[in-house]
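Note on naming: letters A, B, ... go to the chains in the order of the sequence lines (proteins, then strands), and numbering restarts at 1 for each one. Only a predicted model underlies this, so the values are computations on that prediction, with no experimental measurement involved. Values below: every heavy atom of this structure, side chains too, minus hydrogens, waters and symmetry copies.
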Amino acid sequence: MARANSIYQEDIIPTPLRQVWTNFISYPVAVIGLWIFIGFLILTVIAPFVAPYSPDLQHPEALLFPPSWHDDGQVRFFLGTDDLGRDILSNLLHGIRTTFGSSLIITICASIIGVFLGIISGMSRGLKSSILNHILDATLAIPSLLLAIILVAISGQTLTNVMIAVGIALVPQFVRATHTAVHHELSREYVVAARLDGANNFQMFYNVILPNILNALVVQFTLAISIAIIDIATLGFLRIGAPASTSEWGTMLADGVELIFIAPWNVAFPGIAIFMSVLAVNFIGYGLQRAVKEGLG
Amino acid sequence: MWFYIARRINLFVFTVAVLYLLVFLMMSALPGDLATNLSGVKNPTITQTDIIVEQYKLDKSWINQYLSFINQRIHGNFGVSFSNGSPIFDEMLTLLPATIELCVYAIFIALLIGLPLGIIAAVYYKKTSDSFIIGASLVGYSMPVFWLGVIAIMYFGLDLQWLPVAGRLNLLYQVDAVTGFTLLDIYLSDIQYKNLAYHDALAHLIMPTLTLALIPATVVIRITRTSMLEELNANYIKASKARGVHPFIIIFNHALPNAIQPVLSQISLQLSTLLTSAMVTEVIFSWPGIGQWLIQATYQQDYPTISAGILICAGFVILISVATDVILIATTPQRRSAVHGSS
Amino acid sequence: MLFPLGVTLANINQNQRIAMKNWLNLILKSYFFIAVIALAGCTPNIDNNSLTPGIVYCSEGDPTSFNPQLTTNETTTDASSYQLYNRLVEYSPSLGTIVPGLAHRWFISDDATRYTFYLRKNVKFHSNDNFTPTRDFNADDVIFSINRIIDSAHSYHNISGGDYPFFQHVGFTDIINKIVKVNDYMITIHLTEKDASFIANIAANFMIIQSKEYADQLIAQDRMNELDNVPIGTGPFVYDSYFHNNHIRYKANSDYWDGTPEIEQLVFNITPKSTNRIAKLMTGDCDVSALPQSSEIDVIRKNPTLELQIQTGFNISYLGLNTERVPFNNLKVRQALAHAINKKAIIEAVYYGSATIADSILPPLSWAYNSSLKPHDYDINRAKELLTQAGFKDGFTMSLWTSPEQRIYNPNSQKTAELIQGQLSLVGIKVEIVSFGWNIFTSKLKDYQYDSVLTGWTANNDDPDNFFRPLFSCAALLSGANKVNWCDNDFDEQLNKAIEFSVQRKRVPHYLKAQQSLNQLMPLIPIAHALRFQVKNRNIGGVSLNPYGSISFAKAYRKKQKNKQQVKK
């Protein structure tokens, strides 16, 4: 990367993040993922304004209409209707908020808490670290879905509680990822050098360790989003998540299963929505992972 | 070596103790009476209450309660179920083999599919087949298990009518559950139509196992690929290449045995995810295992059962991961120092 | 500097690797070998098990016990009433009358207060690992089975909870004065007053006869709980095993007094989801399936191997309003709700037309049906008007409790609740749907902490009393079955007067009045009378459906398919 207008040939070494980004956008898959992701993100914001109907609005005269391209379909119900005559497209659009939007939010919350705890446990040593480690091992051994189930059982089945439960179930994974990354960095020589230079704990963390673990955290973050989406949808599908008649993709799919013989589109569309959002996130995650790896060497 | 194994076992005991503590705290947080939640006895008589208080030391401090909670559970007293009043431990014993059976076959198939594909991807690194395999594994990994299961039922079960869609065996075959593993039980039983029963059992197995195997398979592909790449770039491989060893031999005799270890240890880390998918798969295919039982228990707000399920699932995950660790330590000395260093 | 070190490390590793290589190789090879074998064995193939003479019935849930006396839950009666037990007299669905059961003859005194039963001889009870009967069925067993219910001091009364809902509804304890054992094969039941519905109640699914000898043995062994969970009866099938949430297995009773069943075994495959039941039926895992969803009826009709059985049902699905709570203590609000609910839409969306709109609690087929009731038509404006009059111009928030489990009277309560939610939102009423699993649902209902409840009732016999007394009488309020929290003395009086007569003609006017008062006071909004469906494979015959709930496999058989057997062999 030589500057054209300078007299001397000089190399500008891009910052690690910039390096990762350049790598990242060179993978077509990752870029596709990013675009889908941005599309979903925009829809999350504008969903209520573009949805043709309110998600709960029942059309008693239009039960189980197939999608519009089918012979019996109507354009006003673009993706057809369910067994109560509710527009599937509107429900899916609102579902973006409950399933996709909230998984973003809870992942952000979980990452803040998890990274904070992870740093504390990662920077600590000896007995304290060992105890924290065992607690982590124990929580991590509980499948996240199971953890969410029991948290919902404790707090009651409302949408907010389900989100919080899924979020809490994500925290240990963040703690573990941060802990490992911090621990890994702490044993490096440049950290020892910084310590010898007289850096205090905060400086050590902020200036020395954080820039180097950021990559790992970003990867973990995308992974966590996909887990959150799947967990929310799975809970909804098992009918222990979002309460019935919420526009949530998993719940919609579970409702659709009862109609699978006569109206398979009720299963197909929510499934595609979940699949697409998870796929986009995974594409991005994969791109990041590769970009980070290649960026380092 | 024994030192490291002892260390692992020590860690196992400690982690399980923490797990019990977590579950015990959850039990206290759950709505309802702690005595009822722990024992599962609804509306106990006075003598029953006395026994429960005595068993769980409910009149003592919480540390005592916690210790006696562990004590009861370790001795196989998981209380009775809210919904039907039968001992939870006995129920678990009959259900656990079904889940293990499903998971073991799924891991088996995941390795069967994942290893070769991962190797191919690594060998043809950055070629078309590599991108294709990686792309496919990403797509597979993004597939929600429940959606996949439903589609499989729809297509292979109902449209084509190739495969049965629910249960482990047609119930007309009266196979006594000796081991709990269908195929073994059929072998041990003395029913008249064994061959038909084998066929039926296998047909019932295909769809749930394949559905469950998809995600682990994609994980195996990616881990195999990564660790194979590392091995293929190692100096000893380059040396072999320079010596003119046949590429086939390099891959299968040199690189693969080394590359497979990280795969195994990663699979043990994936176990908790696998159990989550197994729960969903069991519900979709009406597989009479722990997962389906747990979900039913949630519908019934059957707290003793839920807690027992958590203990058994998480305990199982911890046990397997420690066991894998111990096996790997026992077979590969260089892991010992690594393990020592990172924790 | 690092280079030589690297070489040394590589050398060390190399040695270890060679050592490891062999066993890993071996494992890998054997693993591929097994995999190939396993795959070769897995050729997709479905067999219909025509070789094993049995029938698999896909039932909709777990029974709560194996004693129907303890419940009004249809799943429990299905799994026990007609499979394991007999009653003194039976209701015959084909004849529509009461026919002999364990009593081969009975006699009612002129004042209809003394019922004498002549019991069948040589009827054997089942035996199991723990119990072998030493004597035949006799009067002691009948007295034991009835006394257990009516005598609260009976040693078995409080075993399994001590609740006998059906018998509490019909007031068994009060109506039975005493039971006299004339001899071993003859008993007389004395009633305190005339009760024209008594013989129908004796024939109800719930009034089964258990073995006193078995009960006594269990007392001696201190295993009294087993009486209802490891059942011994006189019925066509013997209980073999029960795997919770999975299946129940029965074996044919070779000593059955009414002829050994043709099938050797009967299996209840417990499958809560209707979609799964149909799927199992299509793939041959089940032969008969309970309660298909109305939405699946078309698919079933199109499938050449399946056969749909339809039975007009004596049932009602209704929205019960908690009349003791604000705002439903206000008659105008209740009427407003009746006008705001579009029953026709519910019948189309939930029942797919397989039900009739209910105006009264009684189905139109009943001889006491009041056809002159003024129906509350769907009329949003009228509903809003009534709400305004009642002072709820801006609507209100109400809770609606339901259970997602499928019942004959309502194939999909959850969906019905959502429809009602949508319909009521049009008049400004916000509905919060609360749903519980069936067991929790029934236990929580007893506290009356709800505003409204979506539930229903399947009649146990063709007596109209069976619709009114268990659901809306003051007595039912005490037993917790009166879900509308309502007690009206005039209404109760009509019911009591009606059962004093044994002639239908004289009873009718009272029932007409009772329906009239329900229609006026609106403690509930009747929604639909559903048809009862059942699907079976075409090669199964003889499965009888009872309009009053419960299914019997006593005469079931599998049609022979000879060519298929030869292929299999």
Side-chain angles (χ1 to χ4, degrees), chain B residues 43 81-86 91 94 105 108-109 111-112 115 153 156-158 160-167 170-174 177 191-193 196 198-200 202-206 234-236 239 252-254 256-258 260-261 284 286 288 292-293 296 299-301 331-334, chain C residues 6-7 10 12-14 16-17 20-25 28 31-32 34-35 38-39 41-47 49 51-56 62 64 225 229 240-241 243-247 249 265 267-269 271-273 275-276 278-280 282-286 404 436-437 439-440 568:
Chain B
N43 312 320
S81 146
F82 275 177
S83 49
N84 60 350
S86 54
E91 272 190 41
T94 55
Y105 293 151
F108 182 74
I109 288 179
L111 288 174
L112 188 70
L115 281 180
I153 288 183
F156 294 106
L158 304 181
L160 300 175
Q161 307 222 344
W162 280 359
L163 296 167
V165 297
N170 189 312
L171 289 171
L172 284 180
Y173 298 107
Q174 187 174 13
I191 56 168
Q192 215 171 345
Y193 309 104
L196 281 178
Y198 276 129
H199 252 284
D200 194 57
L202 284 173
H204 277 87
L205 264 170
I206 294 176
N235 286 335
Y236 74 99
F252 284 97
N253 285 10
H254 297 176
L256 187 57
N258 292 311
I260 206 164
Q261 287 171 34
I284 295 172
S286 318
Q292 206 208 15
W293 174 67
Q296 282 298 327
Y299 296 148
Q300 307 286 352
Q301 302 186 354
T331 52
T332 40
Q334 67 263 44
Chain C
V7 170
I12 295 168
N13 288 351
Q14 192 74 27
Q16 285 156 355
R17 278 175 180 137
M20 267 187 53
K21 192 175 70 184
N22 291 326
W23 68 265
L24 266 171
N25 238 334
L28 271 179
Y31 151 77
F32 274 105
I34 295 168
L39 275 187
C42 297
T43 42
N45 189 334
I46 299 172
D47 53 84
N49 313 301
L51 294 169
T52 29
I55 284 181
V56 183
D62 277 311
T64 48
N225 282 326
N229 296 316
D240 181 85
S241 58
F243 188 171
H244 186 68
N245 207 357
N246 192 289
H247 68 264
R249 195 182 294 276
Q265 60 169 334
V267 185
F268 274 41
N269 187 341
T271 317
K273 279 198 180 144
T275 324
N276 285 357
I278 304 299
K280 282 186 182 177
M282 285 178 164
T283 55
D285 272 347
C286 283
F436 298 101
N439 291 340
I440 301 176
K568 282 277 151 59

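Proximity to chain B is absent for every atom of C:D62, based on heavy atoms less than 4.5 angstrom apart. Neither the backbone nor the side chain of B:L205 comes within contact range of chain C, judged by heavy atoms closer than 4.5 Å.
In this structure, CG in C:N246 is found 11.0 Å from CD in B:Q296, a value given to the nearest 0.5 Å.
Across all their heavy atoms, B:Q161 and C:M282 have their closest contact at OE1-O, 3.2 Å. Here the closest heavy-atom approach between residue B:L172 and residue C:I55 is recorded as CD2-N, 3.8 Å. Across all their heavy atoms, B:Y173 and C:R249 have their closest contact at O-NH2, 3.8 Å. The shortest non-hydrogen separation linking B:S286 to C:N276 is OG-ND2, 3.4 Å. Closest of all the heavy-atom pairs between B:A166 and C:D285 is O-OD2, 3.0 Å.
Ranked by heavy-atom pairs under 4.5 Å with chain B, the list C:P272, C:C286, C:A279 is led by C:A279.
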